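Only one structure is covered here, and it is reproduced in the block below.
Please read these numbers as outputs of a predicted model, since none were measured by experiment. Index from 1, following the sequence. Order of appearance sets the numbers: ligands from 1, and atoms from 1 within every ligand.
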Amino acid sequence: MPIKLYHISATEDPYGGSRNAAKAAIALREANVKFEEIQMNRETDLRPLDSTYRKNINPNGVTPTLDDDGFLIWESAAVLSYIAEKWAPGQLLSKNLESSAVSRQWLAWEGATFQPGLMGVFVLTMGGDTSSTTYQDACGVYNRNLQVLEQQLTDRDYLAGEFSIADIALGCAVPIGFHLNIDLKPYPNICAWLKRLHERPSFAAEACAAADIGAGPANGLI
Ligand SMILES: N[C@@H](CCC(=O)N[C@@H](CS)C(=O)NCC(=O)O)C(=O)O
């Protein structure tokens, strides 16, 4: 049975596709795993509480879900770890305990700290509320997170030294900020790291990641 990835197409989705599913697609490409993409529509396939997808595939009604010969796994961080451990040990996750712990640390940070910070800015920007102190506070939180990332990239090309699933997770999340007019010019290490990611065939092949990273130079934010 082929490996299936439940995704949201970048071209047909009003939000430009699923960045969380893009992480899984990039990891599968890095690991040279052939897979079939099952395209989901947010309105018709994911959001209805009685959808077949929620009932049989993922009770949260979100993407990604990976189906490996009937074994279902969801939550992008868990999916990334599964892909790395099954198909790319030593390549997407170091065999060295400390290096792999550092990758997992950044993977957890992306979901628990970075994404909530990004969502704070996202919700206010989408609501047109960019002149309030609440917005300034949200930008403050977000910029402090960027400073943490910038610091980590001071003396290395990738977050754990070698390229890993941590770079895939954050490399799909950080460029979303370009759609929110977040200027990355004060963060030269992040800019150089994004450029390195953009040059990888796995990122270039993933439409929403490529479009997000490309929005930086296009909008003069990098
Ligand atoms: N914590 C989840 C979040 C997944 C998530 O929110 N996926 C979005 C796309 S990036 C989704 O499917 N949203 C469904 C919707 O908008 O209805 C993960 O990391 O996998």
Side-chain angles (χ1 to χ4, degrees), residues 3-30 35-68 71-86 92-93 103-127 142 145 149 159 164-180 182 197 202-203 205-213 215:
I3 292 145
K4 295 181 199 152
L5 175 66
Y6 291 84
H7 201 334
I8 303 172
S9 158
T11 47
E12 284 156 39
D13 178 49
Y15 301 100
S18 170
R19 278 63 174 193
N20 285 305
K23 297 171 189 171
I26 289 169
L28 288 165
R29 290 199 186 95
E30 288 279 347
F35 63 101
E36 180 191 349
E37 274 185 17
I38 314 285
Q39 298 299 343
M40 297 280 105
N41 178 291
R42 291 179 203 257
E43 296 300 336
T44 55
D45 300 320
L46 300 180
R47 292 188 180 169
L49 296 179
D50 60 351
S51 70
T52 310
Y53 180 75
R54 279 184 195 257
K55 206 163 92 191
N56 298 334
I57 309 293
N58 182 337
N60 304 288
V62 296
T63 59
T65 304
L66 186 74
D67 178 344
D68 178 14
F71 171 69
L72 296 174
I73 182 84
W74 43 258
E75 267 302 318
S76 57
V79 174
L80 285 175
S81 297
Y82 180 83
I83 293 168
E85 285 176 25
K86 177 158 184 181
L92 291 181
L93 203 49
S103 291
R104 290 181 198 281
Q105 166 190 283
W106 288 101
L107 193 60
W109 184 81
E110 190 268 331
T113 301
F114 188 84
Q115 278 223 33
L118 174 66
M119 278 302 124
V121 180
F122 179 84
V123 168
L124 293 165
T125 305
M126 291 301 138
Y142 191 68
N145 288 338
L149 197 58
L159 290 164
S164 78
I165 50 177
D167 301 288
I168 297 177
L170 277 152
C172 286
V174 171
I176 297 171
F178 291 139
H179 301 295
L180 308 176
I182 289 171
L197 295 180
S202 60
F203 271 82
E206 188 55 31
C208 57
D212 290 349
I213 297 179

For residues 166-180, tabulate all N or O donor-acceptor pairs below 3.5 Å that involve a side-chain atom, not counting sequence neighbours.
{"residue": "Asp167", "atom": "OD1", "partner": "Leu159", "partner atom": "N", "Å": "3.0"}
{"residue": "Asp167", "atom": "OD1", "partner": "Trp193", "partner atom": "NE1", "Å": "3.0"}
{"residue": "Asp167", "atom": "OD2", "partner": "Ser164", "partner atom": "N", "Å": "2.9"}
{"residue": "His179", "atom": "NE2", "partner": "Asp212", "partner atom": "OD1", "Å": "2.7"}

Could you go through Tyr6 and Asp45, starting from their C-alpha distance and side-chain angles, then the distance that decides it, and tell me whether this counts as side chain to side chain donor-acceptor pair (under 3.5 Å)? CA-CA 11 Å; Tyr6 291 84; Asp45 300 320; over 6 Å; no
Can you list every salt bridge (charged side-chain N to carboxylate O under 4.0 Å, His left out) pair that touches residues 47-64, not counting sequence neighbours? Glu43-Arg47
Filter on salt bridge (charged side-chain N to carboxylate O under 4.0 Å, His left out), then keep only pairs touching residues 110-123, sequence neighbours left out; what's left? Lys23-Glu110
Please produce the table of protein N or O atoms sitting under 3.5 Å from N or O atoms belonging to ligand 1, one pair a line, distance to 0.1 Å.
{"residue": "ligand 1", "atom": "1 (N)", "partner": "Glu75", "partner atom": "OE1", "Å": "3.0"}
{"residue": "ligand 1", "atom": "1 (N)", "partner": "Glu75", "partner atom": "OE2", "Å": "3.0"}
{"residue": "ligand 1", "atom": "7 (N)", "partner": "Thr63", "partner atom": "O", "Å": "2.8"}
{"residue": "ligand 1", "atom": "12 (O)", "partner": "Thr63", "partner atom": "N", "Å": "2.8"}
{"residue": "ligand 1", "atom": "12 (O)", "partner": "Thr63", "partner atom": "OG1", "Å": "3.2"}
{"residue": "ligand 1", "atom": "16 (O)", "partner": "Arg42", "partner atom": "NH1", "Å": "2.8"}
{"residue": "ligand 1", "atom": "16 (O)", "partner": "Arg47", "partner atom": "NH2", "Å": "2.8"}
{"residue": "ligand 1", "atom": "17 (O)", "partner": "Arg47", "partner atom": "NE", "Å": "2.6"}
{"residue": "ligand 1", "atom": "17 (O)", "partner": "Arg47", "partner atom": "NH2", "Å": "3.4"}
{"residue": "ligand 1", "atom": "19 (O)", "partner": "Ser76", "partner atom": "N", "Å": "3.4"}
{"residue": "ligand 1", "atom": "19 (O)", "partner": "Ser76", "partner atom": "OG", "Å": "2.6"}
{"residue": "ligand 1", "atom": "20 (O)", "partner": "Ser76", "partner atom": "N", "Å": "2.8"}

Closest heavy-atom contact between Leu80 and Ala27? CD2-CB, 3.6 Å
From CA spacing to verdict: side-chain contact (heavy atoms from CB on, under 4.5 Å), His7, Gln39: CA-CA 5 Å; His7 201 334; Gln39 298 299 343; 4.0 Å; yes
